[in-house]
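Here the structure is laid out as structure tokens; the discussion comes afterwards.
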Amino acid sequence: MDGAENGEHSRKMVFVTVGTTCFDALVKAVDSQQVREELSRKGYTDLLIQMGRGSYMPSKVSGEDEPLTVDYFTFSPSIADYLKSASLIISHAGSGSIFETLCLGKPLIVVVNEELMDNHQSELAEELAERKHLFYARPQTLHQTIQDMSPESLIPYSPGNPMPVVRLMNKFLGFPTD
Amino acid sequence: MEKDSDKIWCFVLPVLVAIFVIRVLYVLYWTGKPIGSSKTHSLRTLIVLGSGGHTAEMLSIMNVLQNDIYTPRFYVAAATDNMSLKKARVLEESLMQQGENSGRKMIEAAQFVQIYRSREVGQSYITSVGTTLIAMAHALWLTLKIRPQVIICNGPGTCIPLCASAFLFKLLGLGWSHIFYVESIARVRKLSLSGLLLYKLLLADQFYVQWPQLQKKFPRAHYVGCLM
């Protein structure tokens with residue numbers, strides 16, 4: 001992959017999102033040389049970080065200096081477009097981010113924030129990782145997960161269905177259960 | 001004189017306590033008993049929204065719930081939650097649009113209400129006592145104004161004062177709300193605090209969980225699979 005001919009090769013973007021939280025450990029880990037090199041080795045060309053309420057600012061890098069372009073922003077009303085154009089998503093363990101990504105069929109690495117007091121979020125990430133719908137990492141092990149992962153091995157997630165709730169409610173209240 | 005009033009209280013107090021206990025048992029007994037076939041055509045519905053994932057799950061249910069049966073709808077969110085009511089408005093607008101397009105009669109407009117939170121994330125426990133009392137008073141007021149017949153909630157702390165108010169109203173014979181609680185999709189092996197309270201205290205008429213592990217641990221819950 002010759003850096004000077006970047007424009008000829010299709011770009012593969014990695015999108016990192018922390019939602020509305022502050023997750024400096026993840027942003028730092030992603031911005032580390034180790035992770036950036038690993039991503040570049042895997043063929044990714046761009047790294048876009050949505051850093052939320054965090055205080056750690058990554059360094060913006062253009063493609064001429066290094067193989068991986070790095071950019072960041074704090075918030076966006078909707079990250080759907082970024083998710084759609086990404087080839088890999090690295091996300092905090094919020095259920096909204098997780099399911100929005102899975103329903104788009106994108107490869108996902110979930111990183112749990114160990115500094116959160118009541119970490120119930122890890123239950124969801126662990127369960128979905130066990131079912132092979134996503135990869136699960138800690139900020140310190142992120143580079144290893146990227147190195148070891150094969151996105152093709154992930155099992156696609158079938159979107160859920162709220163109808164069973166509706167049917168049960170209707171049945172209970174004596175309304176027809178369509 | 002004192003002995004007489006003591007004797008009266010010795011009689012009156014146990015009677016009051018007995019009435020109270022019987023009433024509580026009556027309410028708990030009838031909570032969770034399905035209605036035969038509905039005599040009413042529509043039910044006043046209170047929907048409790050919470051931050052982020054909670055609201056997304058709740059709106060996915062509201063998207064498919066029959067909007068001519070569960071109406072009028074009242075959406076409640078915490079005063080500090082900016083996004084949830086906005087998202088609910090967008091959903092209701094699209095439901096109105098669908099209704100107009102298919103020529104159905106105009107349904108009653110939904111209402112959007114904010115409620116004081118018992119406790120903000122990271123708030124000290126001492127000040128939380130005061131704010132919880134305020135939240136409880138506000139919840140009682142809203143329950144009185146709205147008189148919901150159905151309450152749907154899925155976990156944020158905001159729902160506890162509202163469900164407690166609904167229970168109090170049932171006890172006092174001031175109205176009957178059916179409470180449907182959907183535990184969040186993020187709860188795979190353990191229930192949230194709100195879920196645990198509503199399950200253990202038998203406050204919810206129906207309790208739904210999205211993962212089979214929880215249904216095994218809490219057999220009175222209904223397993224509904226993942227909503228998202």
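Reminder, nothing fancy here: chain letters follow the sequence lines and each chain counts from 1.
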With side chains defined as the heavy atoms from C-beta onward, is the minimum distance between [X] and [Y] less than 4.5 Å?
{"X": "B:Tyr70", "Y": "A:Asn170", "value": "yes"}
{"X": "B:Tyr208", "Y": "A:Met169", "value": "yes"}
{"X": "B:Leu227", "Y": "A:Asn161", "value": "no"}
{"X": "A:Thr20", "Y": "B:Met83", "value": "no"}

Please classify the contact between [X] and chain A as side chain, backbone, both or neither, with a heavy-atom cut-off of under 4.5 Å.
{"X": "B:Val64", "value": "both"}
{"X": "B:Gln213", "value": "side chain"}
{"X": "B:Ile61", "value": "both"}

Shortest non-hydrogen separation from A:Pro176 to B:Gln66 and the atoms involved:
O-NE2, 4.0 Å
Given the rule in the side-chain contact (heavy atoms from CB on, under 4.5 Å) test, do A:Phe175 and B:Leu43 qualify, once you have shown the distances and angles that lead to the verdict?
CA-CA 11 Å; A:Phe175 289 112; B:Leu43 295 169; 3.5 Å; yes
Select one option (side chain, backbone, both, neither) describing which atoms of A:Leu102 are under 4.5 Å from chain B's heavy atoms.
neither
Out of A:Ala125, A:Pro77, A:Ser158, A:Pro162, which one racks up the most heavy-atom pairs below 4.5 Å with chain B?
A:Pro162
State the [atom1]-[atom2] distance between [X] and [Y], to the nearest 0.5 angstrom.
{"X": "A:Arg167", "Y": "B:His222", "atom1": "CZ", "atom2": "NE2", "answer": "14.5 Å"}
{"X": "A:Leu124", "Y": "B:Trp211", "atom1": "CG", "atom2": "CH2", "answer": "6.0 Å"}
{"X": "A:Leu168", "Y": "B:Tyr223", "atom1": "CG", "atom2": "OH", "answer": "12.5 Å"}
{"X": "A:Ile98", "Y": "B:Ile185", "atom1": "CD1", "atom2": "CD1", "answer": "9.5 Å"}
{"X": "B:Cys226", "Y": "A:Tyr157", "atom1": "SG", "atom2": "OH", "answer": "4.0 Å"}

B:Lys190/A:Glu123 salt bridge by N-O under 4.0 Å criterion:
yes
Can we say B:Arg189 and A:Glu127 salt-bridge, meaning some charged N sits less than 4.0 Å from an Asp/Glu carboxylate O?
no
Hey, is [atom1] on [X] packed in by over 12 heavy atoms from elsewhere, all under 6.0 Å?
{"X": "B:Ile126", "atom1": "CD1", "value": "no"}
{"X": "A:Lys60", "atom1": "NZ", "value": "yes"}
{"X": "B:Phe167", "atom1": "CZ", "value": "yes"}
{"X": "A:Lys12", "atom1": "NZ", "value": "yes"}

